[in-house]
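The structure under discussion appears below in the form of structure tokens.
Counting starts at 1 for both ligands and their atoms, in listed order.
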Amino acid sequence: MAEDKSPEEQMNNLAVNDDDDVVDPWNVSGKSETGIDYDKLIKRFGSSKIDDEVIQRFEKVTGKKAHHLLRRGIFFSHRDIHSILNLVEAGKKFYLYTGRGPSSDSMHLGHMIPFMFTKWLQDVFDVPLIIQLTDDEKVLWRDIKVEQARQMAHTNAKDIIAVGFSPENTFIFNDLDFIGQCPAFYQNMLRIQKCVTFNQVKGIFGFGDSDVIGKITFPSIEAAPAFSTSFPFIFDNKVVPCLVPCAIDQDPYFRMTRDVAARLKMPKPALLHSSFLPALQGAQHKMSASDPNASIFLNDTAKQIKNKINKYAFSGGQATVDEHREKGGNTEVDISYKYLTFFLEDDQRLAEIKKSYESGEMLTGELKKIAVDTVTPVITDYQARRALVTDDVMQDFFRIRRIKF
Ligand code: TYM
């Protein structure tokens with residue numbers, strides 16, 4: 001297993017060479033048409049690959065078939081997952097922590113990935129889940145006012161709840177409302193702030209002299225929920241280990257958190273890292289809320305989804321039908337195919353589609369139709385659940401209270 005890098009080594013995780021992919025909490029862009037080189041990223045970040053052995057261990061410990069996002073390598077990297085699986089084997093508990101930075105009224109399909117997977121983890125391990133909405137982060141980084149950010153946090157909370165979470169074992173909070181009500185959380189923030197120098201956050205996050213000071217302390221706010229003592233009303237001040245599922249762009253926060261944990265004599269949070277659902281235009285970029293034509297939003301209509309995939313989804317097909325029949329399509333770059341790997345659960349059907357497309361038998365139009373027919377019900381079923389999330393339902397998740405543990 002890869003050892004965590006020292007704080008000094010962590011400073012080298014920013015893209016420094018021209019051929020490095022850029023992956024940080026604010027920018028994701030790959031150099032190749034096939035997308036980010038995730039193996040290279042594992043080396044640069046010093047995390048560990050989720051290989052067959054890890055997947056088999058998951059299946060052994062949970063007694064369940066691994067989720068398709070895990071068995072297909074979409075969740076591809078981890079930190080210390082074995083320590084969590086050891087705990088489970090010893091009959092001990094941990095908790096899950098993940099989050100969202102509310103910057104748009106509707107979330108997109110890419111944001112669903114960590115939440116869908118988190119829901120599966122919560123079901124198989126029967127553990128509490130804490131979800132942080134960093135509305136403060138978006139005030140600092142975007143042209144968004146405090147009131148607007150709070151509003152978006154509440155709308156996004158409804159989007160997240162509709163993935164299928166229950167208030168029985170899930171606590172959701174937005175920073176702008178919660179932190180002032182929970183002294184233990186602020187006290188942990190301060191403990192974290194005391195462990196990290198400006199030089200270190202510059203190295204980890206690339207902050208510069210003209211960044212506002214709120215940005216420089218913000219990482220302590222995303223780090224604090226990884227310590228159970230931040231939530232005394234749930235954990236009674238007990239030290240409980242934490243597992244964070246997220247896409248790999250959030251890893252810099254948790255490299256810092258793990259370094260701080262060691263110094264505060266708290267358990268280091270374990271991580272499961274997802275790769276990115278790519279933008280419609282190609283795998284070099286992640287799906288992102290800032291470009292409506294690059295993303296499928298959770299409130300898009302069936303017609304919009306069909307139009308977006310037909311019009312924008314980058315194709316790995318050949319220029320003419322004859323050429324395609326002869327050479328076949330390239331699933332390494334084809335966005336419709338990539339979306340199927342995220343959303344089509346049937347392994348056998350996926351393998352048949354791959355074979356048929358790569359052999360030239362299946363044409364781009366046919367592949368796009370399968371992508372539309374797969375993604376649309378994921379979203380329309382989701383929208384039916386979302387319609388049931390009223391303000392009252394949402395408020396239940398936000399109440400400061402004991403949840404099932
Ligand atoms: P945010 O709102 O940018 O993203 C929310 C979650 O979605 C992941 N993500 C994606 N996953 C797959 N494909 C994509 N195209 C894609 N785009 C985003 C992100 O990695 C994240 O897991 N600062 C955070 C909010 C946060 C958080 C956390 C996230 C606070 N605490 C703990 C994860 C874990 C943010 O702005 O996420």
Side-chain angles (χ1 to χ4, degrees), residues 23-30 35-36 38 69 74-77 79 95-119 121 129-142 144 149 152-153 155-157 159-160 163 171-176 178-179 185 189 205 215 218-227 230 242-257 269-291 294-298 335 338-339 341-343:
V23 177
D24 64 39
W26 309 283
N27 301 293
V28 173
S29 70
I36 310 292
Y38 288 108
L69 292 173
I74 290 173
F75 271 80
F76 70 101
S77 151
R79 292 185 189 275
Y95 72 102
L96 290 161
Y97 155 47
T98 191
R100 153 84 180 137
S103 61
S104 56
D105 271 328
S106 172
M107 289 172 34
H108 61 61
L109 204 50
H111 295 132
M112 279 272 269
I113 302 305
F115 289 104
M116 277 166 51
F117 188 64
T118 300
K119 165 81 181 123
L121 290 170
L129 163 65
I130 292 179
I131 299 175
Q132 178 182 43
L133 298 166
T134 49
D135 43 7
D136 48 354
E137 176 187 10
K138 296 302 154 178
V139 171
L140 290 167
W141 264 271
R142 305 269 173 101
I144 293 176
M152 282 194 274
T155 327
N156 283 193
D159 287 355
I160 293 166
V163 171
F171 174 60
I172 305 183
F173 68 97
N174 63 309
D175 292 340
L176 285 167
F178 173 71
I179 295 174
F185 191 98
M189 273 172 53
F205 300 96
K215 289 187 182 179
F218 175 76
S220 67
I221 305 180
E222 187 154 330
F227 298 133
S230 298
C242 174
L243 169 62
V244 184
C246 57
I248 188 106
D249 58 337
Q250 298 300 307
D251 188 64
Y253 288 113
F254 299 106
R255 289 202 291 273
M256 186 200 88
T257 312
L271 280 114
L272 287 169
H273 296 125
S274 170
S275 54
F276 300 107
L277 184 74
L280 283 155
Q281 282 77 0
Q284 285 104 324
H285 296 283
K286 69 166 185 169
M287 189 173 274
S288 135
S290 47
D291 180 356
S295 303
I296 294 174
F297 289 92
L298 298 179
I335 292 298
K338 289 214 185 255
Y339 287 3
T341 65
F342 281 78
F343 295 105

I need the minimum non-hydrogen distance between E137 and G101, along with the two atoms involved. OE1-CA, 4.2 Å
Compute the shortest N/O to N/O distance between G110 and ligand 1 and return yes if it is under 3.5 Å, no if not. yes
Looking at every non-hydrogen atom in both residues, tell me the closest pair between D135 and L176 and how far apart they are. OD1-N, 3.1 Å
Nearest to atom 37 (O) of ligand 1, what protein heavy atom do you find, and at what distance? G101 N, 3.5 Å
Quick one: does ligand 1 sit under 4.0 Å from the side chain of L277, the backbone, both or neither, non-hydrogen atoms only? both
Assess the residue pair F178 and F171 against the criterion (ring pair (Phe, Tyr, Trp, His ring centres under 6.0 Å)); give the C-alpha distance rounded to whole Å, side-chain angles, the decisive distance to 0.1 Å, and a yes or no. CA-CA 11 Å; F178 173 71; F171 174 60; 5.5 Å; yes
Any idea how Y253 and F205 line up, ring-wise: parallel (<30°), tilted (30 to 60°), or perpendicular (>60°)? tilted
Hey, does F115 come in under 3.5 Å of ligand 1, counting only N/O atoms on both sides? no
Any N or O of S274 that comes nearer than 3.5 Å to an N or O of ligand 1? no
At under 4.0 Å between heavy atoms, is it the side chain or the backbone of F254 that contacts ligand 1, or both, or neither? side chain
Working for side-chain contact (heavy atoms from CB on, under 4.5 Å), residues I36 and K286: CA-CA 9 Å; I36 310 292; K286 69 166 185 169; over 6 Å; no
Please report whether ligand 1 has a polar contact with H108, defined as an N or O pair separated by less than 3.5 Å (distance criterion only). no
To check your reading of the model: name the closest protein heavy atom to atom 5 (C) of ligand 1, its residue, and the distance in Å. G99 O, 3.5 Å
If you measure every N/O of Y253 against every N/O of ligand 1, is any gap under 3.5 Å? no
For ligand 1, which atoms sit closer than 4.0 Å to a heavy atom of D249? 19 (C), 20 (O)
Numbered atoms of ligand 1 (with element) below 4.0 Å of Q132, judged on heavy atoms: 30 (C), 31 (N)
Closest contact, heavy atoms only, S103 versus M152: C-SD, 3.6 Å
Let me see the working for L121 and L272 under side-chain contact (heavy atoms from CB on, under 4.5 Å), right down to the final yes or no. CA-CA 11 Å; L121 290 170; L272 287 169; 4.0 Å; yes
Checking heavy atoms under 4.0 Å, the part of Q250 that sits near ligand 1 is side chain
Are side-chain heavy atoms of R79 and D251 found at a separation under 4.5 Å? yes
Can you sort out which atoms of ligand 1 are near V244, meaning under 4.0 Å from one of its heavy atoms? 34 (C)
Please indicate whether any nitrogen or oxygen in T98 is less than 3.5 Å from any nitrogen or oxygen in ligand 1. no
N or O contact, P114 vs ligand 1, cut-off under 3.5 Å: no
With heavy atoms of K138 as the reference, note each atom of ligand 1 found under 4.0 Å away. 36 (O)
Quick check on contacts: which atoms of ligand 1 are under 4.0 angstrom from a heavy atom of S275? 12 (C)
Considering the options I74, I113, L69, which one meets the side-chain contact (heavy atoms from CB on, under 4.5 Å) requirement together with S275? I74
Short N/O distance, under 3.5 Å, between A247 and ligand 1? yes
If the cut-off is 4.0 Å to any non-hydrogen atom of K286, which atoms of ligand 1 fall inside it? 15 (N), 17 (N), 18 (C)
Please check: side-chain N/O of D159 versus main-chain N/O of M107, any donor-acceptor pairing under 3.5 Å? yes
Heavy-atom nearest pair, P102 first then A149, reads CG-O, 4.3 Å
Mind listing the closest non-hydrogen atom pair of A226 and T257 along with its distance? CB-CG2, 3.9 Å
For atom 4 (O) of ligand 1, tell me which residue out of H273, M107, H285, H111 has the closest non-hydrogen atom. H111
Backbone N/O of R100 and side chain of H111: donor-acceptor pair under 3.5 Å: no
Report the part of L133 (side chain from C-beta onward, or backbone N, CA, C, O) that has a heavy atom under 4.0 Å from ligand 1; answer both or neither where that applies. neither
